[in-house]
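Worksheet for the structure shown next.
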Amino acid sequence: MFKTVASNLYLGANNPGIKEGIATIEKAGIFSDVPFVKVPEVLLGTKDENPKMLYYTDVYDHLKKLAALYEEIPEKKLLVGGDHAIGIVTAAHSLNENDHLGVVWVDAHADINTDDITNSGHIHGMPVAALLGLGDKALANFVKKGRQLKPENLVYIGLRDVEPEEQKLLDEMNILHYPYEKVVNMGLENVLKEINDHFAKNNVTKIHVSYDLDSADPTLVPGVTTPVPGGFNLSETKEILNNFYDHYEVVNMDIVEFNPQNDQEDKTLNFFKEIYQNVRI
C-alpha cells in the first residue's frame, strides 16, 4: 500500500494555475477513500535576484519540507500535483533508499537544465540534472553522496520539446531517451521491450516513475502548463505505466504538472483520475 502526498508547488514553473490542482482533485472526490497528506507550504513568491533560478528561496524551502515529510512516511509514496521541481526530492529519496534503482521520466521535456544552460530560469526544468549531480549544489545535495543517479539507469519516454543544450547533455552522457516520434516509429511495445532489456543489462530491479501529464496529447489533456503537440493517449499511457508495475518493484512515483486553469471540460482531471486509480506500487 502507498501513501499519497499532495503538493501545490507552482513557483518552479512560475505558473499559479498549478496551485489549484490539489483543491480541484479533492473537490472531485478522487481522494475520498485514500489516506493522503499535504506538503506544508509557505509559497510567498519571493523574488530572488538570480534570473537563472527563479523563486529559488521558496522552491528550495518547499523541497526541504517535502524531503522531511518523505523521511517520516514508511510506506511507498505517490506524489501528486505540483510542478516537476518536486522530482528533485521524490526521486532523490528513492535513490537514497534503494540499490539497483532505475528512474523512468515520462515527459515531453527532458528537465535536465542547469542554472548555467537554462533559457527560462524555471526550476521545474532542472530536476534530472540535480539527480545526476549537475547544476546547483544545494539542489543536487538532496541525493546523498555516492547515491547520484547513474546516466545508464535513466530512461526518458515521450520527449517532444528538448532544448539544444539539453540534447547535448543527453548525447554526451549516453542517456537512453525515446522522443515521441521514435516511439511512434518503433512501436510502443518494442520500445518497452528495449527499455526492459537495457535495465536488465544494468541490473536495475527497482524503479522510480516520474510521470508528467504533459507527456499526453494536449488535445486530450489540455490542463498542463507547457503543452507540446503530439503525445500519448490514455491507453498508451496505461501501457507504459503497467510495464513498470508488472516487471519491477516501483518504489515511489510522481504524477505532476496538473494545471486546472488550462483544463477544458475536466478532460485532464478525468485523465488524472484514470492514471491515479490505475497506480500499483
Side-chain angles (χ1 to χ4, degrees), residues 1-13 15 18-26 30-31 34-41 43 58-98 101-107 109 111 123-128 130-131 139 142-143 149 206-216 223-225 237 240-241 244-245 249-260 268-269 271-281:
M1 186 59 184
F2 61 87
K3 176 67 74 69
T4 296
V5 180
S7 168
N8 280 332
L9 180 63
Y10 67 96
L11 292 169
N15 192 300
I18 298 172
K19 68 181 178 180
E20 302 302 325
I22 299 306
T24 302
I25 293 167
E26 280 190 272
I30 296 172
F31 292 157
V34 297
F36 83 101
V37 59
K38 295 180 183 178
V39 182
E41 59 185 58
L43 299 175
D58 282 356
V59 172
Y60 184 66
D61 181 60
H62 188 87
L63 295 180
K64 286 195 296 182
K65 291 175 180 177
L66 176 59
L69 184 60
Y70 262 47
E71 289 297 323
E72 296 172 3
I73 300 172
E75 300 99 327
K76 294 182 178 184
K77 291 160 278 288
L78 170 64
L79 192 291
V80 298
D83 66 60
H84 221 156
I86 59 88
I88 297 171
V89 165
T90 60
H93 181 82
S94 296
L95 288 162
N96 292 338
E97 299 293 325
N98 296 278
L101 184 82
V103 173
V104 176
W105 212 261
V106 187
D107 201 325
H109 307 88
D111 295 344
I123 297 173
H124 77 154
M126 305 180 186
V128 175
L131 299 172
L139 296 181
F142 281 106
V143 183
L149 177 59
K206 300 180 180 181
I207 296 287
H208 179 103
V209 175
S210 201
Y211 173 75
D212 192 318
L213 283 160
D214 70 25
S215 63
V224 297
T225 301
T237 300
I240 291 167
L241 298 178
F244 298 104
Y245 300 148
E249 179 186 355
V250 178
V251 297
N252 296 300
M253 182 174 170
D254 319 313
I255 307 175
V256 300
E257 297 277 355
F258 175 38
N259 188 333
T268 311
L269 179 65
F271 192 96
F272 168 86
K273 182 178 180 180
E274 287 281 346
I275 298 304
Y276 181 79
Q277 293 181 339
N278 191 57
V279 169
R280 292 183 283 123
I281 64 174

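For this chain, numbers begin at 1 and follow the sequence in order.
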With distance as the sole test, does Asn278 use its side chain to make a donor-acceptor pair with the main-chain N or O of Glu274 at under 3.5 Å? no
Using the side chain to side chain contact (heavy atoms under 4.5 Å, CB included) rule, pick out the option among Val128, Val143, Leu139 that qualifies with Ile88. Leu139
Would you check if there is a donor-acceptor pair between the side chains of Thr225 and Asn15 at a distance under 3.5 Å? no
Just to verify, what does Lys64 make a side chain to side chain contact (heavy atoms under 4.5 Å, CB included) with, not counting sequence neighbours? Tyr60, Asp61, Phe142
Please name all residues satisfying ring-ring contact (aromatic ring centres under 6.0 Å, His included) with Phe36, sequence neighbours left out, ordered by chain then number. Phe31
Sub-3.5 Å donor-acceptor pair from the side chain of Asp214 to the main-chain atoms of Val224, do we have one? no
How many angstroms lie between OG1 in Thr24 and CZ in Phe258, if you round to the nearest 0.5 Å? 5.0 Å
What distance do Met253 atom CE and Thr4 atom OG1 have between them, rounded to the nearest 0.5 Å? 10.5 Å
Atom CG in Leu79, atom CG in Leu9: separation rounded to 0.5 Å? 9.5 Å
Just by distance, do the side chain of Glu257 and the backbone of His84 share a donor-acceptor pair under 3.5 Å? yes
CD1 on Ile275 to CG on Leu78, rounded to 0.5 Å: 11.0 Å
Got a sec, which residues hit ring-ring contact (aromatic ring centres under 6.0 Å, His included) with Phe272, two or more places apart in sequence or on another chain? Tyr276
Got a donor-acceptor contact below 3.5 angstrom from the Asp83 side chain to the Ala13 backbone? yes
N-O pairing of Glu249 and Lys76 below 4.0 Å: yes
Any luck finding a side-chain donor-acceptor pair between Asp254 and His208 under 3.5 Å? yes
Separation of Leu95 CG from Asn252 CG (nearest 0.5 Å): 10.0 Å
I need the Thr90 OG1 to Leu63 CG distance, nearest 0.5 Å. 9.5 Å
Around Lys273, counting heavy atoms of other residues, nucleotides and ligands shown, do more than 12 lie under 6.0 Å from its NZ? no
